[in-house]
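These notes concern the structure reproduced below.
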Amino acid sequence: MTKIGIILGSTRPGRNGEAVAKWVYDIASRRSDAEFELVDLLDYNLPHLDEAVPPSMGQYAHEHTRQWAAKIAELDGFVFVTPEYNHSTSGALKNAIDFVYSEWNNKAAGFVSYGSAGGTRAVEHLRLIMGELQIADVRAQVALSLFTDFENFSTFKPGPQHEGTLGVVLDQTVSWTKALEAVRKQ
């Protein structure tokens, strides 16, 4: 069965992303067209990129990199849950993405973002990165506002319209992931 990783892209203490990622997972896990897994960057404890050889060579020197590479390799597609920090994604997510290369290739990705402007600028940066990694990013996006979808900027209370939009993100991500299956097998 198609396996989609919901990647929690923040490691910050007190992060809002954990509640958002669990919301995405709860909704996704009701579906029968793919298997969904929550992948928390905190569980991998990746240091600042410490591999001497470029990731495109696939020669990983460190056990933490090999574990991260194995996780990404076993997934067929992704939904990235990203905060927006300073008009971009989190450093922790960018660092995790940069650790490996071929494990990302020929897969699909959707995005759920949050921030003062809905996290849209973070996703725009991620879309550029996805192209370099040969990941097909889908058009639909969930953009959550710290002003309207979080009480006191910290308690996640998404507006009801977001569940429908998330359904479209998941539909598109699963569809593209399945479409790229033949490419991944080559």
Side-chain angles (χ1 to χ4, degrees), residues 1-10 15-41 44 68 71-85 87-90 92-98 100-101 103-115 117-146 149-150 156 158-184:
M1 176 170 272
T2 300
K3 192 169 184 181
I4 307 290
I6 299 165
I7 298 183
L8 173 47
S10 173
R15 61 194 174 163
N16 287 327
E18 187 169 4
V20 175
K22 286 180 178 177
W23 172 76
V24 172
Y25 176 77
D26 288 343
I27 292 169
S29 64
R30 297 180 210 151
R31 299 170 65 104
S32 60
D33 56 351
E35 179 184 335
F36 294 87
E37 177 183 349
L38 185 55
V39 179
D40 189 340
L41 294 183
Y44 292 87
W68 179 241
K71 173 51 63 186
I72 298 308
E74 76 180 33
L75 299 167
D76 301 307
F78 313 97
V79 174
F80 290 95
V81 176
T82 183
E84 182 175 305
Y85 300 151
H87 290 218
S88 192
T89 192
S90 71
L93 179 56
K94 178 65 167 83
N95 186 58
I97 289 169
D98 289 346
V100 298
Y101 179 74
E103 294 81 1
W104 297 112
N105 296 171
N106 302 314
K107 298 178 181 182
F111 304 99
V112 176
S113 59
Y114 59 94
T120 57
R121 297 167 295 203
V123 171
E124 289 306 308
H125 286 176
L126 285 171
R127 289 184 191 282
L128 292 171
I129 296 163
M130 296 299 106
E132 179 61 24
L133 296 173
Q134 301 178 55
I135 295 175
D137 58 294
V138 304
R139 181 178 186 270
Q141 171 189 342
V142 177
L144 302 162
S145 170
L146 288 175
D149 297 305
F150 293 84
F156 184 50
Q161 74 279 10
H162 294 303
E163 188 167 341
T165 306
L166 177 57
V168 176
V169 169
L170 296 171
D171 289 344
Q172 291 179 0
T173 303
V174 169
S175 177
W176 275 93
T177 298
K178 289 180 177 182
L180 288 167
E181 184 176 0
V183 178
R184 285 191 302 278

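FYI, the numbering just counts along the sequence from 1.
Atom CD of residue Glu35 and atom CD1 of residue Ile4 lie 10.0 Å apart, to the nearest 0.5 angstrom. One finds the CG atom of Asp40 at 4.5 Å from the CG atom of Leu8 (value rounded to the nearest 0.5 Å). Taking OH of Tyr114 as the reference point, atom CZ of Phe150 lies at 7.0 Å (rounded to 0.5 Å). Atom CZ of Arg31 sits about 11.0 Å away from atom OG1 of Thr2, to the nearest 0.5 Å. One distance of note links CG of Leu75 with NZ of Lys3; it measures 6.0 Å at 0.5 Å rounding. Distance CG/Leu166 to CG/Asp171: 9.5 Å, rounded to 0.5 Å.
Nearest heavy-atom pair, Phe36 versus Ser29, reported as atom, atom and distance to 0.1 Å: CD1-N, 4.4 Å. Residue Asp76 comes nearest to Thr177 through the heavy atom pair O-CG2, 3.1 Å, listed as atom of the first residue, atom of the second, then distance. When all heavy atoms of Ala96 and Leu41 are compared, the pair lying nearest together is CB-CD2, 3.7 Å. Heavy atoms only, all atoms of each residue included: Ala21 and Ile6 are closest at O-CG2, 4.2 Å. Between Ser113 and Gln141, the closest heavy-atom pair is OG-NE2, 3.0 Å. Here the shortest heavy-atom pairing between Ala109 and Met130 reads CB-SD, 4.1 Å.
The side chain to side chain contact (heavy atoms under 4.5 Å, CB included) with Phe111 is formed by just one residue from the set Val123, Thr173, Val81, Val138; it is Val123. The only option from Leu38, Leu170, Val39 that meets the side chain to side chain contact (heavy atoms under 4.5 Å, CB included) definition with Val79 turns out to be Leu170.
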* To do: In sequence, state the C-alpha distance, the side-chain angles, and the governing distance for Phe156 and Lys22, and then conclude on side chain to side chain contact (heavy atoms under 4.5 Å, CB included).
  => CA-CA 11 Å; Phe156 184 50; Lys22 286 180 178 177; over 6 Å; no
* To do: List the steps and the verdict of side-chain hydrogen bond (donor to acceptor under 3.5 Å, both in side chains) for Tyr101 and Gln134.
  => CA-CA 9 Å; Tyr101 179 74; Gln134 301 178 55; 3.0 Å; yes
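Considering only residues two or more places apart in sequence or on other chains, Ala140 meets the side-chain contact (heavy atoms from CB on, under 4.5 Å) condition with Val168, Val169, Gln172. Trp104 is linked by a side-chain contact (heavy atoms from CB on, under 4.5 Å) to Ile7, Trp68, Ile72, Phe78, Phe80, Ile97, Val100, Leu133, Ile135, counting only residues two or more places apart in sequence or in another chain. Scored by the side-chain contact (heavy atoms from CB on, under 4.5 Å) test, Thr165 finds Val142 as partners (sequence neighbours excluded). Lys94 is linked by a salt bridge (charged side-chain N to carboxylate O under 4.0 Å, His left out) to Asp98, counting only residues two or more places apart in sequence or in another chain. A search for side-chain contact (heavy atoms from CB on, under 4.5 Å) contacts involving Glu181 returns Arg184, Lys185, not counting sequence neighbours.
Under a cut-off of 6.0 angstrom, the local environment of CD in Gln161 is crowded, with over 12 non-hydrogen atoms contributed by other residues, nucleotides or ligands.
Counting only distance, with no hydrogens or angles, the side chain of Lys178 and the backbone of Asp33 share a donor-acceptor pair below 3.5 Å. Formation of a donor-acceptor pair under 3.5 Å by the Ser90 side chain with backbone atoms of Gly9 is found in this model.
Leu144 places none of its side-chain heavy atoms less than 4.5 Å from the side chain of Asn16.
Pairs of residues two or more places apart, or lying in two chains, that qualify as side-chain hydrogen bond (donor to acceptor under 3.5 Å, both in side chains) and include a residue from residues 120-130 are Glu84-Arg121, His87-Arg121, Ser88-His125, Arg127-Asp137.
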